[in-house]
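Here is the structure we will look at, set down as structure tokens.
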Amino acid sequence: MITWTGPELDSLGRARVVRMAGRRSDGWLHTLVQVWHVVVDGGLYVRSAGGAEDLWYHGASEHADGAIRWDGLVREVTYTLDVDHSTQISAAYEAKYGTGPDVPTAPGRCDTVRIQPR
């Protein structure tokens, strides 16, 4: 399995947002959308501020691959639903983005996606 490098994780951790897109059924990428993200236990995670109804979430969960862009870098990635680190992810979101109504901090959310490089 391919993993993020230390410098990539450092860069991702410092970035305020990433832009991500899922792959469409015809193989093209959906439009990149800006999302909040956190790095937890060596993994990159995103949650949908709008829950499982957000369009980017459907693209990521339906086709399981796509791309992300941050700080001028682009990586092809795989998306995996993940609830293993829910409490740590919630704490990381709160530490990075605060506790506003749009910050997805509730533990046990079903819309947590782990992003892994391909």
Side-chain angles (χ1 to χ4, degrees):
M1 172 181 10
I2 299 173
T3 59
W4 297 107
T5 66
E8 286 174 326
L9 285 174
D10 290 343
S11 176
L12 285 161
R14 286 189 308 272
R16 189 73 178 149
V17 296
V18 297
R19 296 182 65 81
M20 64 178 283
R23 194 153 314 274
R24 302 182 328 194
S25 57
D26 64 6
W28 289 91
L29 288 175
H30 285 280
T31 302
L32 288 163
V33 295
Q34 184 172 287
V35 295
W36 290 339
H37 65 286
V38 293
V39 174
V40 172
D41 198 22
L44 175 63
Y45 296 90
V46 295
R47 284 181 172 166
S48 174
E53 301 305 314
D54 272 357
L55 291 177
W56 75 258
Y57 179 81
H58 283 286
S61 61
E62 186 175 324
H63 297 288
D65 72 301
I68 67 166
R69 184 176 70 199
W70 80 102
D71 291 342
L73 302 169
V74 177
R75 288 293 301 266
E76 292 285 319
V77 296
T78 300
Y79 303 117
T80 308
L81 297 179
D82 188 318
V83 294
D84 290 342
H85 300 90
S86 184
T87 301
Q88 298 96 319
I89 292 167
S90 294
Y93 264 101
E94 186 172 323
K96 187 171 185 175
Y97 300 107
T99 58
D102 293 332
V103 180
T105 58
R109 292 177 61 118
C110 64
D111 60 348
T112 301
V113 176
R114 183 179 178 122
I115 301 176
Q116 296 172 274
R118 291 195 292 140

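Atom set for the values below is all heavy atoms of this structure, side chains included, hydrogens, waters and symmetry mates excluded.
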* Structure fact -> In terms of heavy-atom contacts, R47 and Y93 come closest through N-OH, 2.8 Å

* Structure fact -> Heavy-atom nearest pair, K96 first then L12, reads NZ-O, 3.8 Å

* Scan residues 27-46 for pairs that pass salt bridge (Lys or Arg N to Asp or Glu O under 4.0 Å), counting only residues two or more places apart or in two chains. => none

* Exercise: identify the closest heavy-atom pair between D82 and D84 -> OD1-N, 2.7 Å

* Y97: side-chain hydrogen bond (donor to acceptor under 3.5 Å, both in side chains) partners, not counting sequence neighbours -> none

* Can you list every side chain to side chain donor-acceptor pair (under 3.5 Å) pair that touches residues 22-31, not counting sequence neighbours? -> R23-D65, R23-E76, R24-D26

* Asked: Roughly how far, to the nearest 0.5 Å, is the OG atom of S86 from the OH atom of Y45?
  -> 10.5 Å

* Set of side chain to side chain contact (heavy atoms under 4.5 Å, CB included) partners for V35, sequence neighbours left out -> V18, M20, V33, V46, W56

* To do: Sort and list the pairs that fulfil salt bridge (Lys or Arg N to Asp or Glu O under 4.0 Å) and have at least one residue in residues 2-12, not counting sequence neighbours.
  => E8-R75

* Flag the pair Y79 / I115 as yes when at least one side-chain heavy-atom distance between them is below 4.5 Å, and no otherwise. => yes

* **ILVMFWY network linking L44 to W36, side-chain heavy atoms under 4.5 angstrom** => yes

* To do: Return the minimal non-hydrogen interatomic distance between V40 and A92, and the atom names on each side.
  => CG2-CB, 3.7 Å

* Asked: Can you tell me how far CG of L9 sits from CH2 of W4, rounded to the nearest 0.5 angstrom?
  -> 7.5 Å

Indicate every side-chain donor-acceptor pair of residues 67-74 with a distance under 3.5 Å to a residue at least two apart or in another chain.
residue: W70; atom: NE1; partner: S11; partner atom: OG; Å: 2.9
residue: D71; atom: OD2; partner: S11; partner atom: OG; Å: 3.2

